[in-house]
Amino acid sequence: MKNEITISELARLMHVSVHQIRYFEEKGALTPAYTDSNQYRMYGIDEIYRLAHILLLRRLGIPVNAIQGCTASSSPEQGQHLVQQALLDVRFEIRRLQELEQLMTNILNERQNADHSSNPYNLQRRRATYLTRWMRLEPLAKLTARQLVDQGGSVPNLFEADIHYIEDGPGAMNLYTEAEAPGDYSLPEGEYLSARMLIREESELEPAITQFYDYAATHDYRITAPLIVIERSYLSLFSPDKLHYELLAQLDPAAPAERRDHDDDRADHD
DNA sequence: CTTCTCACA
DNA sequence: TGTGAGTA
């Protein structure tokens, strides 16, 4: 019985595939102690340690090629740099996952918010938000696939963000998405009237808008700024035939805006 | 049981 | 960076 072991024994011992060991060899990271007369690779105790090191560095996300140079020519300086780089990479990955987590909770939260379908209207105090414009829709133009590609690469992560439609001249629309910093359009902080609704056909939108203005008028809300139509893409996620919209308009800050300390005293109109 | 090579994610 | 199939 030899002291050295075969590749499959080594693989079982280290909980890796035989393939993987040969792959490391191809990359120059791990050479067998010797190859037997039957062409079998044989591994001794040194190779076991070596493989353990390689596996550890792989867990840190260091590429096998890099392990080759760092373990063989063995410059501790370089090895340290590799680990530092790997650390930077995992921090980047953590950020990525945190953003993903945020997206998921947003999707879930929006569903909760959307479910109170009793009274679509509601008054909100909103912080300033900033919008960046990414496309202009000419009057009567419908959004088509062609327009999206002709528009150039500047289409945002479409349908991961809510699309804001703001009228720009007669019949024309500008399309925006939310931005971090002040951009092409700003919604100032203030009181807003909002209505959320679920719509099956685009034709339902127009009457909803007039109804929105009617509602504002009968409640003496002064709307000065343009109406913002928000297409909430998350909410259509699980009901493809329906679109969720929010109508939003800032209330005139100059108007006396009879202080409403509670906003649930309207139930007369629908 | 091993080897190698190739195609595939 | 590996995996799986097929071969000898």
Side-chain angles (χ1 to χ4, degrees), chain A residues 1-108 110-111 134 144-163 177 233-240:
Chain A
M1 199 63 169
K2 291 182 189 120
N3 282 331
E4 288 75 25
I5 60 179
T6 67
I7 195 169
S8 61
E9 287 173 314
L10 180 61
R12 234 174 319 123
L13 182 68
M14 305 300 287
H15 307 107
V16 294
S17 68
V18 170
H19 263 98
Q20 207 175 347
I21 296 173
R22 279 200 285 257
Y23 179 70
F24 292 160
E25 180 178 343
E26 180 188 325
K27 291 295 178 181
L30 178 70
T31 333
Y34 64 95
T35 75
D36 212 350
S37 51
N38 55 10
Q39 301 282 10
Y40 287 9
R41 295 164 173 81
M42 302 302 288
Y43 300 90
I45 185 67
D46 291 349
E47 285 67 39
I48 293 176
Y49 279 106
R50 187 68 177 284
L51 180 52
H53 285 154
I54 295 168
L55 260 17
L56 178 57
L57 294 175
R58 280 298 298 125
R59 276 206 359 234
L60 306 189
I62 296 170
V64 186
N65 296 306
I67 295 174
Q68 203 271 319
C70 130
T71 313
S73 69
S74 155
S75 141
E77 258 54 58
Q78 239 212 353
Q80 189 166 341
H81 180 260
L82 280 172
V83 178
Q84 282 167 351
Q85 180 56 50
L87 179 57
L88 261 37
D89 289 347
V90 311
R91 292 214 254 253
F92 185 86
E93 189 66 2
I94 287 172
R95 278 184 66 100
R96 194 186 68 82
L97 289 173
Q98 280 171 339
E99 279 164 23
L100 201 52
E101 179 187 29
Q102 188 62 57
L103 177 60
M104 289 168 169
T105 58
N106 284 349
I107 290 172
L108 259 20
E110 290 232 26
R111 285 197 75 73
W134 55 275
T144 65
R146 179 56 55 197
Q147 275 180 294
L148 284 179
V149 314
D150 288 351
Q151 214 281 328
S154 69
V155 178
N157 271 349
L158 203 41
F159 311 123
E160 282 193 25
D162 298 330
I163 306 173
T177 50
S233 39
Y234 296 163
L235 295 177
S236 318
L237 214 45
F238 305 109
S239 44

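Note that the structure is a prediction, hence the values are computed from the model and not measured. Side chains included, hydrogens not; waters and symmetry mates left out as well; all remaining heavy atoms used.
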NA contact type, A:V18, heavy-atom cut-off 4.0 Å: base, sugar-phosphate, or nothing?
-> nothing
Which part of the nucleic acid, if any, lies within reach of A:R22 when heavy atoms closer than 4.0 Å are counted: base, sugar-phosphate only, or nothing?
-> base
Closest to the [X] side chain: [options]?
X     : options             : value
A:H19 : C:dT1, B:dT2, B:dT5 : B:dT5
A:S8  : C:dG4, B:dC1, B:dC4 : B:dC1
A:P63 : C:dT3, C:dT1, B:dT3 : C:dT1
A:R41 : C:dT1, B:dT5, B:dT3 : B:dT3
A:I7  : B:dT3, C:dG2, C:dG4 : B:dT3

Is there a side-chain polar atom (N or O) of [X] under 4.0 Å from OP1 or OP2 of [N]?
X     : N     : answer
A:T6  : B:dC1 : no
A:S17 : C:dT3 : yes
A:Y23 : C:dT1 : yes
A:Q20 : C:dG2 : yes

Mind checking whether A:T105 and A:L108 have side chains closer than 4.5 Å, heavy atoms only?
-> no
Expressed in angstrom and rounded to an integer, what is the separation of [X] atom [atom1] from [N] atom [atom2]?
X     : N     : atom1 : atom2 : result
A:Y40 : B:dC1 : OH    : C1'   : 4 Å
A:Y34 : B:dT3 : OH    : C1'   : 17 Å
A:R58 : C:dT3 : CZ    : P     : 11 Å
A:L55 : C:dG2 : CG    : C1'   : 13 Å
A:D36 : B:dC1 : CG    : C1'   : 13 Å
A:M14 : C:dG2 : CE    : C1'   : 17 Å
A:L30 : C:dT1 : CG    : C1'   : 16 Å
A:E4  : B:dT2 : CD    : C1'   : 17 Å

Closest heavy-atom contact between [X] and [Y]?
X     : Y     : value
A:Y43 : A:L30 : CE2-CD2, 4.3 Å
A:G44 : A:A33 : N-CB, 4.0 Å
A:K27 : A:N65 : CD-OD1, 3.2 Å

A:N3 atom CG, over 12 foreign heavy atoms within 6.0 Å = no
Tell which nucleotide pairs with C:dT7, taking only Watson-Crick or G-U wobble pairs whose two distances are both under 3.5 angstrom.
-> none
Who does B:dT3 pair with, Watson-Crick or G-U, both distances under 3.5 Å?
-> none
Taking 4.0 angstrom as the limit, do A:E93 and A:R96 come out as a salt bridge?
-> yes
